[in-house]
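Heads up: the structure comes next, in structure tokens.
Proteins get letters first, then strands, A, B, ... in listed order; numbering begins at 1 in each. In what follows, every heavy atom counts, from backbone to side chain, and hydrogens, waters and symmetry copies are set aside. Computed from a predicted model, the values in this text were never measured in an experiment.
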Protein chains: 2
Amino acid sequence: MKKTSVERLASAPRAPHDPQRTRRAILDAARIVFAEKGFSGANVDEIVARVQTTKPTIYYHFRSKEGLFAAVLEDVYAGMRDIERSLDLQELPAAAAMRKLVEITFDYHAEHPDWIRLISVANIHGAKHIAGSESLAPSNSAIIVILRELVYRGVREGLFRDGVDALHLHLLINSFCFYRVSNRHTWKVIFKRDLEAPEDVEAQREVIVGAVLRFLARG
Amino acid sequence: MKKTSVERLASAPRAPHDPQRTRRAILDAARIVFAEKGFSGANVDEIVARVQTTKPTIYYHFRSKEGLFAAVLEDVYAGMRDIERSLDLQELPAAAAMRKLVEITFDYHAEHPDWIRLISVANIHGAKHIAGSESLAPSNSAIIVILRELVYRGVREGLFRDGVDALHLHLLINSFCFYRVSNRHTWKVIFKRDLEAPEDVEAQREVIVGAVLRFLARG
DNA sequence: GTCTATAAATGGATAGAC
DNA sequence: GTCTATCCATTTATAGAC
């Protein structure tokens with residue numbers, strides 16, 4: 001006997017279909033697993049177990065394990081984008097603004113080790129998973145424009161020297177903030193020092209702030 | 001009929017058993033494959049194909065895939081160790097010595113992308129493969145002693161300011177040299193700029209040399 | 001120490017029902 | 001859009017001969 005739609009609604013309904021919510025939950029679980037195990041080391045069953053969904057559902061939404069990883073990367077980059085957009089540096093003098101920018105970058109990296117591992121994983125695989133993505137490039141390089149304008153402002157104010165390439169400055173800032181998190185495990189083995197010890201974290205923050213301000217200072 | 005050892009020697013001999021050579025060849029091939037594919041992505045058959053050996057031979061020498069990866073890591077760290085040992089900075093004034101140290105670090109990283117990928121892979125896996133190794137720590141942290149003495153010398157010469165932690169300085173130098181190689185793929189996608197373009201490489205070298213010297217400069 | 005052959009398990013992906 | 005059940009390629013690892 002054919003069920004009517006009324007009977008379907010009446011019979012003990014499972015979790016209602018909510019594709020956006022499902023998609024979101026899969027992305028969150030996948031982020032954790034990929035960050036923990038790398039791309040090949042991650043296994044789809046483990047993601048399934050975390051989300052309480054099934055493999056076919058994942059493949060329905062993301063087409064393949066690679067598609068899922070690509071979606072995770074696009075998703076995490078959005079977080080950094082939002083931080084950069086929320087930067088409000090206009091009110092501050094150039095040196096104070098630069099200090100704030102470096103500190104926020106430092107803190108964001110320190111608080112998002114998962115993000116850092118994912119980017120490491122992406123680089124190990126030659127960034128092929130995001131190679132085709134046009135959505136990442138324009139919005140994420142906004143930070144370069146912000147940096148460039150801030151440097152110009154410092155030059156006009158007579159505080160900063162001229163001729164510093166904004167991308168090189170970004171490289172100087174990000175390399176430190178990224179590396180101290182990404183490579184903390186091998187550092188601990190080799191140098192017997194915990195880069196995450198709270199007192200030392202504060203000192204490291206001052207190191208990169210100081211290095212950047214001295215790098216830009218005139219004379 | 002049982003073969004005598006003379007008959008064995010006479011009959012078309014395969015490559016003679018040379019365990020050290022076999023071990024070396026396996027390590028070299030494994031380094032390439034692990035660097036290219038990560039730990040889980042690498043497959044032992046691919047290593048076998050490169051070396052012209054067999055899987056049981058690999059398992060005989062290294063016990064497991066993990067054991068092989070650990071051996072590769074210990075092996076590549078030795079290269080960096082040799083560079084650091086060969087540093088001869090005594091003749092130079094402190095600032096010139098520091099410049100040389102930074103430039104050599106920069107160049108070594110630039111010339112060894114495989115080494116960098118392997119360390120990234122090790123960190124993604126929490127450095128568990130080298131966690132137990134006591135051979136790595138003492139010899140590799142020699143660089144910290146060198147740095148510390150060089151900073152002291154600069155302070156005595158009145159060139160450098162006091163109070164700089166040698167490990168933080170090492171972090172500043174290495175983070176830049178490492179990151180510009182390790183993260184070049186995602187950078188290319190996001191910022192549309194090739195960090196390996198020869199003219200730009202020279203400029204980056206000057207950026208980190210300048211940043212370090214300005215970081216240390218008195219006043 | 002190194003080989004051939006194969007065991008044993010894992011894990012990406014899909015067919016087909018609902 | 002999501003489920004159950006399963007296929008099948010891949011791949012770590014080893015038994016046993018030489």
### Task
Report yes if some heavy atom in the side chain of A:R148 is under 4.5 Å from a heavy atom in the side chain of A:Y152; otherwise report no.
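Yes. Closest side-chain heavy atoms under 4.5 Å.
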
#### Entry: Residue pair A:H125 / B:K37, side-chain heavy-atom distance below 4.5 Å
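No. Closest side-chain heavy atoms not under 4.5 Å.
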
### Query
How far apart are the C-alpha atoms of B:F191 and A:H170, what are their side-chain angles, what is the distance that settles it, and do they pass the ring-ring contact (aromatic ring centres under 6.0 Å, His included) test?
CA-CA 11 Å; B:F191 301 116; A:H170 191 51; 5.4 Å; yes

### Query
Looking at CG of A:D75 and CZ of A:R23, how far apart are the two atoms once the value is rounded to the nearest 0.5 Å?
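These two atoms lie 8.5 Å from each other.
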
## Note on the structure
dist A:I116:CD1 -> A:C177:SG (nearest 0.5 Å) comes out at 8.5 Å

Where does the angle between the aromatic ring planes of [X] and [Y] fall among parallel (under 30°), tilted (30 to 60°) and perpendicular (over 60°)?
X: B:H109; Y: B:F178; result: perpendicular
X: B:Y108; Y: B:H112; result: parallel
X: B:F34; Y: B:F39; result: parallel

#### Entry: Integer-rounded Å distance: C:dG1 P and B:R24 CZ
17 Å

### Euclidean distance, atom CZ of residue B:R21 to atom C1' of C:dT2 [Å, nearest integer]
16 Å

### Task
Could you check which residues of residues 34-65 of chain B get a heavy atom under 4.0 Å from DNA chain C? Sort them by number, please.
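Residues of residues 34-65 of chain B that come under 4.0 Å of DNA chain C are, in numerical order, B:T53, B:T54, B:P56, B:T57, B:Y60, B:H61.
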
### Query
With pairs taken as Watson-Crick or G-U wobble and both distances under 3.5 angstrom, which stems of at least three consecutive pairs involve DNA chain D?
C:1-18 with D:1-18

